[in-house]
*Asks:* 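Have a look at the structure that comes next, please.
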Amino acid sequence: MASSLKKAPLVGVILILLASHGFIHLASGAGECGKTPINSAAASLTPCLGASKSKTAKVPPVCCSRISALLATSPKCLCAVLLSPLAKQAGINPAVAITVPKRCNIKKRPAGKKCGRYVLP
């Protein structure tokens, strides 16, 4: 009995890892980011995490440069990242996150285009 109680946390961790693997696998199948897996594209935007959760958070310059580079190479990838299960897991608010390019003063942003049910500012 005591032995099975010691194994319960390990089983829980394994189940969480398996479930998160499923989310990452779903996200990486999107294809909007070209040859770059969507989870890699999302990881490159880690400096934007705070700004994508709160409209009042300051957007770090490194975030702006990465958003700018992503929009220049693959504009559809930004929406794919923002609406992915991985972003949802990270607590990203898509309605706030889509304001980041504007808050960065990026001139060539996809203004007026839809990002799922959200409209990019």
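Just so it is clear, the model here is predicted, and its values are computed rather than measured. The figures that follow rest on heavy atoms only: side chains count, while hydrogens, waters and symmetry mates do not.
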*Asks:* List for me each residue that meets side-chain contact (heavy atoms from CB on, under 4.5 Å) alongside Ala69, sequence neighbours excluded, and say none if there are none.
*Replies:*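 Scan of Ala69 (side-chain contact (heavy atoms from CB on, under 4.5 Å), adjacent residues dropped) gives none.
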*Asks:* Rounded to the nearest 0.5 Å, how far does NZ of Lys53 lie from SG of Cys48?
*Replies:*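 These two atoms lie 12.5 Å from each other.
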*Asks:* Does any non-hydrogen side-chain atom of Val96 lie less than 4.5 Å from one of Arg103?
*Replies:*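 Arg103 vs Val96: side chains touch.
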*Asks:* Applying the side-chain contact (heavy atoms from CB on, under 4.5 Å) criterion to Leu78, which one of Leu45, Leu83, Ile98 satisfies it?
*Replies:*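 Running side-chain contact (heavy atoms from CB on, under 4.5 Å) over Leu45, Leu83, Ile98 with Leu78 returns exactly one hit, Leu45.
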*Asks:* Could I get the full list of side-chain contact (heavy atoms from CB on, under 4.5 Å) partners for Ala41, not counting sequence neighbours?
*Replies:*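 Per chain and number, Ala41 pairs via side-chain contact (heavy atoms from CB on, under 4.5 Å) with Cys33, Thr36, Cys77, Val81.
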*Asks:* Apart from Leu49 itself, what residues make up its hydrophobic cluster when side-chain heavy atoms of I, L, V, M, F, W and Y under 4.5 Å apart count as a link, directly or indirectly?
*Replies:*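 Direct or chained contacts put Leu49 with Ile92.
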*Asks:* Distance check, rounded to the nearest 0.5 Å: Asn93 atom CG versus Lys88 atom NZ?
*Replies:*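 Rounded to the nearest 0.5 Å, the CG-NZ separation comes out at 12.0 Å.
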*Asks:* Compare every heavy atom of Glu32 with every heavy atom of Lys76, then report the nearest pair and how far apart it is.
*Replies:*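 Where Lys76 meets Glu32 most closely, the heavy atoms are O-CB, 3.8 Å.
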*Asks:* Can you tell me how far OG of Ser84 sits from CG of Leu82, rounded to the nearest 0.5 angstrom?
*Replies:*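 One finds 8.0 Å between CG of Leu82 and OG of Ser84.
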*Asks:* Show me the side-chain donor-acceptor pairs of residues 55-68 shorter than 3.5 Å, one per line, residues at least two apart or across chains.
*Replies:*
| residue | atom | partner | partner atom | Å |
| --- | --- | --- | --- | --- |
| Thr56 | OG1 | Ser54 | OG | 2.9 |
| Ser65 | OG | Val62 | O | 2.9 |
| Arg66 | NH1 | Ser44 | O | 2.9 |

*Asks:* Answer yes or no: is there a side-chain heavy-atom contact under 4.5 Å between Ser40 and Pro37?
*Replies:*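 Ser40 vs Pro37: side chains touch.
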